[in-house]
Amino acid sequence: MGSLNPNLISADLTVIMNEAVELARRYMKRNVYPELVLFVMIQHPEIAARRLMDVFIEKRGTDLEKLERQTRNAMESRNDANGDLDFLMTSGQKFPLSKQMLVALDEALSIAQSIGEVYIDSDHLLASLTDRRLGTGALLQQNGITEGPVLDLLGGQPASKRRREASGTSIDVVAEARVGNLRAVHFREDLLRDMLNILSQAVHKHIVLVGPDGVGKRTLAYSLALLITEGKGPVGLEKFVQIDEKAYLDNSVEAMQSGIMRAQGGILFVPHIHRFFGGPAKAEFPKAGQNLQKAFLGYDPIIICTTTQGEWEGRVNKVSAIGEHAQVLRVPEPTREETLEILEVMRPHLAGDYAIDVDESALNTAVDLAKRYIGNMPLPRSAEHLLHRAAALVSMNSQQHLAFRPQLQDNVLDAEDVTLAAAQMTGIPVSKLDADERTKYARMVEHLHERIVGQNDAVLAVSRAVKTARVGLRDPKRPIGSFLFLGPSGVGKTELARALAEFLFGSEDAMLQIDMSEYMEENTVSRLVGAPPGYVGYEGGGQLTDRVREQPYIVVLFDEVEKAHARILDILLQVLEEGRLTDAQGKTSNFSESVVILTSNLGARNLQTSVIDEAVRELVMDDVRDHFRPEFLNRLDDIIIFHALDDEHLREIMELLLTREIRIARERGLNLQFTDKAVAWMLNQNDSPELGARPLKRIIQRYVRETLADFLLGDTLAPNATIIIDAKRDGLKFAVK
């Protein structure tokens with residue numbers, strides 16, 4: 001015995017059928033028959049079938065209580081033979097359908113298809129239940145619900161009387177708004193005025209809304225639907241139809257045909273229109289694109305669609321039917337003030353959805369933090385996502401049963417809650433987000449010098465460039481800063497990159513270090529941006545593009561860049577110039593909130609001095625210009641030269657490293673003290689001064705950590721004991737104080 005195809009029935013009807021099975025089991029019936037289904041339909045006032053019944057109650061005086069009572073009596077006494085077809089429940093169990101139920105479903109499918117629908121919905125089935133061949137036919141007709149009027153209502157009744165749920169093929173947004181099922185949206189008046197102007201023309205009336213994902217293209221379209229609802233839209237346009245996304249997945253061609261048919265006399269709204277064009281390799285629904293093209297050749301319905309600038313240029317504009325009959329309306333990112341107005345409209349809905357109060361300070365903080373730290377997503381979407389995350393946190397606080405519940409003070413969403421949510425979303429510590437931006441950048445040089453010794457010019461140059469970018473005096477598409485660090489090994493190039501990551505993004509983990517000596521061959525480019533489709537490992541993505549897409553607030557360090565293949569440098573040129581990079585799968589990574597640092601040893605033979613004058617600088621730059629193309633160097637914000645470290649610098653660095661050792665030991669219950677003799681002795685063990693500060697870590701590892709481990713294993717120390725580390729002629733000595 002086969003099973004009914006679950007893709008033939010809508011979500012509403014699936015619920016009805018599942019409840020009918022439970023009812024059959026309760027009455028110990030062998031199968032599901034029409035009376036059971038009709039009885040369940042009467043119990044659901046929100047579905048399309050019951051709304052049809054409400055029309056008969058209003059217009060013909062149908063007595064619903066009488067119909068329910070008669071249906072219950074018929075249901076209890078009724079039996080029907082099995083129809084050799086099962087219904088597959090959502091639990092995975094099967095239950096037989098009766099012969100009359102199969103007749104009803106078959107007739108309902110014919111009714112649905114005759115009006116261009118993809119699914120059987122509850123109202124189609126109600127229409128088939130009026131058939132006199134079925135036991136329900138006489139019941140319904142006795143109560144004034146007859147086949148002809150039901151079919152008339154299905155074909156021509158306004159949706160305000162017969163609401164189509166999202167389980168159908170499409171919805172009329174105007175009808176939804178008239179019955180109170182569309183939320184208020186912010187009106188961007190200038191853009192709405194432009195839309196009305198285009199729609200009032202005699203030709204070229206179709207509109208393509210072009211802009212980045214998240215700037216509010218869909219909301220702009222819905223605000224037009226609200227104008228139509230209020231009678232303030234263009235003359236002759238009474239509908240605003242949108243096709244359900246699930247219908248595209250089931251049968252895109254029939255879904256598009258149904259949507260176009262239903263939208264006649266109004267507007268058909270098609271989000272992400274690029275999904276229908278670009279050939280089988282790119283388009284998600286290429287077959288449905290043919291009917292959409294035909295619709296662009298006329299003006300009933302008028303098509304309003306959305307896409308991005310890249311997809312418009314790459315796919316949609318090449319379709320002649322669209323390019324010749326539609327007009328582009330560009331939707332920019334709203335300003336801070338506009339975004340606040342949008343969030344103010346959203347505020348009561350947010351409060352209602354999460355059962356919380358929303359303070360005005362939360363809106364301001366959401367806009368500021370979203371703009372600053374969620375740069376891979378434009379306003380207003382970034383601010384909305386942040387508010388929803390924060391609202392969920394506050395809502396969780398009041399749910400006592402949750403396993404992991406945030407301990408917040410109250411049920412009010414305020415600026416502090418938004419900051420906490422932003423920290424969760426970006427990985428940046430709350431303390432960093434709370435810090436005043438002006439104060440933070442005012443002491444940037446001091447902060448970096450806490451870790452970087454001696455390289456005053458380098459620290460100042462990086463600070464100037466970052467500050468300039470942060471106050472908005474830069475191209476917003478390009479990285480925050482892009483630098484080429486030149487200098488011998490061990491002078492602080494990588495350490496400055498780590499310090500910058502910690503200062504800007506709250507953690508050294510916000511740094512991606514790529515050793516360019518591993519990218520000397522042309523084919524290694526696939527490791528950065530992923531292998532093309534068809535090659536082994538292409539689904540794995542790229543080391544660079546995947547990380548930046550996941551963590552856009554990051555310092556990207558390309559170490560020893562002079563060793564990379566020229567093809568790699570071409571990729572870096574794109575990052576520096578355009579601030580974005582597309583991987584082998586067509587996904588774009590945005591570098592506009594990252595810092596790009598390249599290090600190189602070019603000219604290092606001329607840098608074995610702690611003083612860099614113009615003559616030395618010119619010698620170094622000669623080597624750099626001989627290796628890199630001018631267009632590459634011109635894209636950099638600055639080329640920073642690091643000088644060699646002298647003995648005093650090395651002593652300062654050693655003291656910084658030992659301070660770190662003291663902090664690590666304290667976390668483990670030990671107190672360390674280093675004498676001046678111990679520091680001097682360790683510095684004397686540096687037999688490779690040309691390697692800068694790099695050998696100092698190895699000296700600490702060998703003479704402090706390893707010796708301290710042996711010392712601790714050989715003696716039992718009292719809690720919080722202090723270990724004095726001194727130096728004698730033959731090495732370090734450890735003593736307990």
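The structure displayed is predicted, hence computed values, not measured ones. Counting begins at 1 with the first residue of the sequence.
Between His44 and Glu19, the side chains place a donor N or O and an acceptor N or O closer than 3.5 Å (distance only, hydrogens not considered). Judged by distance alone, the side chains of Gln242 and Tyr222 do bring a donor and an acceptor atom under 3.5 Å apart. For the residue pair Arg178/Thr229, the side-chain donor-acceptor check at 3.5 Å is not satisfied. Between the side chains of Ser592 and Asn590, a donor-acceptor pair is found at a separation under 3.5 Å.
No donor-acceptor pair closer than 3.5 Å links the side chain of Asp123 to the backbone N or O of Ala48. Looking only at distances, no side-chain donor or acceptor of Asn671 sits under 3.5 Å from a matching main-chain atom of Ile662.
In this structure, His447 has its ring center no closer than 6.0 Å to that of His449. Checked against the 6.0 Å centroid criterion, the rings of Tyr441 and Phe503 qualify as a close aromatic pair.
Looking only at side-chain heavy atoms (C-beta outward), Val445 and Arg464 stay at 4.5 Å or farther from each other. Side-chain atoms of Ile597 and Leu500, non-hydrogen and from C-beta on, do get closer than 4.5 Å to each other. For the pair Asp357/Asn411, no side-chain contact is recorded, criterion being any heavy-atom separation below 4.5 Å from C-beta on. When side chains are defined from C-beta on, Val185 counts as touching Leu226, because their heavy atoms get closer than 4.5 Å.
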Passes side-chain hydrogen bond (donor to acceptor under 3.5 Å, both in side chains), Gln43 versus Arg50? Steps please.
CA-CA 8 Å; Gln43 314 307 314; Arg50 173 60 189 278; over 6 Å; no

Take Arg336 and Asp368 through the test salt bridge (Lys or Arg N to Asp or Glu O under 4.0 Å) and record every step on the way to the result.
CA-CA 8 Å; Arg336 184 185 188 281; Asp368 292 338; 2.8 Å; yes

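Closest approach of Glu360 to Arg347, counting heavy atoms only: N-NH2, 3.7 Å. The two residues Gly579 and Pro479 make their nearest non-hydrogen contact at CA-CD, 4.1 Å.
Counting heavy-atom neighbours within 6.0 Å of Gln399 CD, excluding the residue itself, gives a total above 12. For Glu65, the CD atom counts as loosely surrounded, since its 6.0 Å shell holds 12 or fewer non-hydrogen atoms of other residues, nucleotides or ligands.
Ion pairing between Glu508 and Arg451 holds under the 4.0 Å rule for side-chain N and carboxylate O. Under a 4.0 Å N-O distance rule, the pair Glu341/Arg188 does not qualify as a salt bridge. Ion pair Arg51/Asp54 not flagged as a salt bridge, since none of the NZ, NE, NH1 or NH2 atoms sits closer than 4.0 Å to an Asp/Glu carboxylate oxygen.
Paired with Arg547 under the rule side-chain hydrogen bond (donor to acceptor under 3.5 Å, both in side chains), one option of Glu550, Gln543, Gln551 passes, and it is Gln551.
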